[in-house]
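Convention: sequence-line order gives letters A, B, ...; per-chain numbering from 1. Values in this document were obtained by computation on a predicted structure and should not be read as measured data.
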Amino acid sequence: MASEELEENLSELQIGENGEKKPVENDVSDGAVKVSCFTEDLQDVTLHFQIVNFSKQIYAWIGCNSAKLGHLYAAATTRPNNNVSVTSLLGGTSDNTGSSIARRIVLKTGLNVVVACNIPKDSPMLEATAERKLVERLASLGYFRPKEKHSN
Amino acid sequence: METGSNNSLPTQFPVSHKSFSLNIKGNKTDIVICKYDDSFMVMATQIGCMGTILHARKEESVSTDPTFHVAVIFGKRDEPFLVACARQLIEHTSSYGSTRPLVLSLGLKDHSPVINLPSVF
């Protein structure tokens, strides 16, 4: 029964995280949804990235030295003119760290995007570095559409 | 009936996650569960995108019975059974002693409570 399986999986998740250590970077694919996790060690911070690739959407999480969910943003092209709109879903009301990342990913990929980011505010260089790493990974996954001229 | 599954990979990566597929009433349902430091993220989709996103949290009170706050933060706000689903899940995790809030995304083809939601959870 599906509910029993989900309960079993939840309990396994609780137990599993105390298991042995494995290499940091791993890709888990079940054919339809692909989960990519990787870590970038910078000079003074550690950035963690998690990308969940749905067929019509991308979910990305960026962690800065911690595994907190952080602020959640959604971005997509909207009518008219397919301009990109961003909205804050959880937190992020004043610093908007991560909203610009979400917006530019939509510009580059054309897909709807949900981004979770716990990068501290007033860290534009860190935010730019995180975006660059994320974009590199998305490019390697083949998510970029042909270059078009965008007016910002 | 399970159409595909994979194993959880406990790694040095700080976020534990598990993804698998289930066949629910003929619809292939992809489920991803992530555990962050301060919350759970559960994504269940039949439509290739996250769908409606809900946020559920437990509110501690002085009385013995806990209360829960559930809200739709993105998507359909006129489907009460999605809220009921999130409420059921946060109560389930709370019964195991977890106080972490839950972010639940449901991209379902059929929002009929009789057919789909009890099967999903």
Side-chain angles (χ1 to χ4, degrees), chain A residues 1-3 5-7 9-35 37-39 46 48-50 52-59 61 63 65-70 72-74 76 87-90 111-114 116 118, chain B residues 1-25 28-45 47-51 53 55 71 73-75 88-89 92-93 96 98 100-101 103 105 107 117-121:
Chain A
M1 197 172 171
S3 60
E5 275 188 76
L6 185 60
E7 288 190 15
N9 289 328
L10 279 173
S11 61
E12 282 181 10
L13 187 65
Q14 190 175 5
I15 296 171
E17 69 169 356
N18 296 324
E20 63 280 4
K21 293 183 179 179
K22 290 278 179 71
V24 175
E25 181 167 346
N26 63 83
D27 288 350
V28 179
S29 173
D30 65 351
V33 175
K34 185 175 181 179
V35 183
C37 302
F38 61 100
T39 296
T46 300
H48 304 288
F49 298 86
Q50 182 185 53
V52 180
N53 297 328
F54 300 99
S55 58
K56 302 176 187 175
Q57 195 169 24
I58 298 171
Y59 166 78
W61 170 75
N65 288 333
S66 78
K68 293 185 177 180
L69 182 63
L72 196 64
Y73 301 92
T87 183
S88 169
L89 303 181
L90 283 178
L111 290 174
N112 298 341
V113 159
V114 174
N118 68 7
Chain B
M1 182 171 66
E2 192 172 356
T3 59
S5 65
N6 67 342
N7 299 319
S8 62
L9 296 175
T11 68
Q12 293 176 347
F13 195 75
V15 174
S16 307
H17 72 272
K18 189 172 179 72
S19 62
F20 52 96
S21 285
L22 299 172
N23 191 323
I24 299 174
K25 304 295 181 183
K28 181 174 183 290
T29 308
D30 299 309
I31 297 177
V32 179
I33 303 173
C34 303
K35 182 179 181 182
Y36 299 96
D37 275 353
D38 57 348
S39 61
F40 285 113
M41 167 80 77
V42 178
M43 296 180 267
T45 179
I47 57 176
C49 60
M50 293 176 70
I53 305 176
H55 183 241
I73 59 175
F74 187 81
Q88 189 177 22
L89 201 56
H92 177 78
T93 59
Y96 282 91
S98 173
R100 296 180 186 185
V103 178
S105 81
L117 295 181
S119 302
V120 174
F121 295 112

Take B:Met43 and A:Phe54, measure what side chain to side chain contact (heavy atoms under 4.5 Å, CB included) needs, and give me the verdict at the end. CA-CA 10 Å; B:Met43 296 180 267; A:Phe54 300 99; 3.6 Å; yes

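- A:Leu89 meets the side chain to side chain contact (heavy atoms under 4.5 Å, CB included) test with A:Leu72, A:Ala74, A:Thr87, B:Ile53, B:Ile73, B:Phe74; sequence neighbours excluded.
- At least one side-chain heavy atom of A:Gln50 sits under 4.5 Å from a side-chain heavy atom of B:Tyr36.
- Of the residues considered (A:Ile58, A:Leu69, A:Val114, A:Val52), A:Leu69 shows the highest number of contacts with chain B, using heavy-atom pairs under 4.5 Å.
- The shortest non-hydrogen separation linking B:Asp38 to A:Lys68 is OD1-CA, 3.4 Å.
- Using cut-offs of 30° and 60° for the angle between ring planes, the B:Phe13 and A:His48 rings count as perpendicular.
- Interatomic distance, CD1 of B:Ile47 versus CD of A:Gln57, reported as 8.5 Å (0.5 Å rounding).
- Here the closest heavy-atom approach between residue A:Ala67 and residue B:Pro14 is recorded as CB-CB, 3.7 Å.
- A:Tyr59 pairs by the ring pair (Phe, Tyr, Trp, His ring centres under 6.0 Å) definition with nothing, not counting sequence neighbours.
- Shortest non-hydrogen contact noted between A:Lys56 and B:Cys49 is CB-CB, 4.4 Å.
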